[in-house]
Amino acid sequence: MPSRNAICLGGPCHGMLTHIDQDIGTLTVPVPRRSPEEPQALARYRITRERVHHPCRTEPFIALHWADPTEPPGSSCPCGCDD
């Protein structure tokens, strides 16, 4: 698996770390399922020039901003680093 170099900000994937290969544009990120029965959903995120420091890594992550701000952002980090 490629190393994670981006972090989702806002939306259903807020705080999720992922890997991206492109520099500009939008992309779809799989929304983490709460149960195996839950259907797979995707959320759109915009790639930005912003960099965000995260406690699990010394290098900053590329900030991905949610492209649909009509829903409130998540409140916890799915990677488990804030437990």
Side-chain angles (χ1 to χ4, degrees):
M1 171 184 241
S3 73
R4 296 172 178 167
N5 62 351
I7 186 168
C8 297
L9 300 175
C13 300
H14 181 76
M16 188 174 88
L17 304 176
T18 190
H19 178 82
I20 64 169
D21 291 319
Q22 63 193 72
D23 295 328
I24 59 171
T26 60
L27 53 97
T28 56
V29 176
V31 176
R33 295 181 191 185
R34 296 181 189 154
S35 72
E37 296 81 31
E38 186 176 4
Q40 180 64 58
L42 299 171
R44 286 180 357 118
Y45 283 83
R46 286 179 288 108
I47 300 167
T48 68
R49 292 179 189 226
E50 181 183 356
R51 299 298 181 260
V52 176
H53 288 279
H54 191 274
C56 69
R57 184 174 165 194
T58 57
E59 295 292 319
F61 286 92
I62 299 164
L64 304 177
H65 284 276
W66 190 33
D68 184 7
T70 59
E71 290 182 28
S75 60
S76 65
C77 182
C79 75
C81 68
D82 60 352
D83 289 342

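Please read all numbers here as calculations on a predicted model, not as lab measurements. Along the sequence shown, residues carry numbers from 1.
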For T48 and A63, indicate whether the former's side chain and the latter's backbone hold a donor-acceptor pair under 3.5 Å. yes

The side chain to side chain donor-acceptor pair (under 3.5 Å) partners of R57 (sequence neighbours excluded) come to none

Interatomic distance, NE2@H65 vs CZ@R44, rounded to 0.5 Å, equals 15.0 Å

Original post:
Hey, is the main chain of L9 close enough, under 3.5 Å, to the side chain of Y45 for a donor-acceptor pair?
Top reply: no

Worksheet item: Is the number of heavy atoms from other residues, nucleotides or ligands within 6.0 Å of CZ (R33) greater than 12?
Response: yes

For the residue pair W66 and P12, establish whether any side-chain heavy-atom pair is separated by less than 4.5 Å. yes

In terms of heavy-atom contacts, L42 and P30 come closest through CD2-CA, 3.6 Å

Hits for side chain to side chain contact (heavy atoms under 4.5 Å, CB included) against S35, two or more places apart or cross-chain, chain-then-number order -> E37, E38

For the residue pair I7 and M16, establish whether any side-chain heavy-atom pair is separated by less than 4.5 Å. no

**Report entry** Verdict with reasoning, L64 to R46, per side-chain contact (heavy atoms from CB on, under 4.5 Å)
**Finding:** CA-CA 5 Å; L64 304 177; R46 286 179 288 108; over 6 Å; no

NE2 (H53) and OG1 (T58) are apart, to the nearest 0.5 Å, by 9.5 Å

Within-4.5 Å side-chain heavy-atom neighbours: T18 and R4
no

_For N5, is there any backbone N or O sitting under 3.5 Å from a side-chain donor or acceptor partner on H19?_
no

Q. In the single-linkage hydrophobic clustering (I, L, V, M, F, W, Y; side-chain heavy atoms under 4.5 Å), do L17 and V52 co-cluster?
A. yes

Between L27 and Q22 the two heavy atoms that sit nearest each other are CD2-CD, 4.3 Å

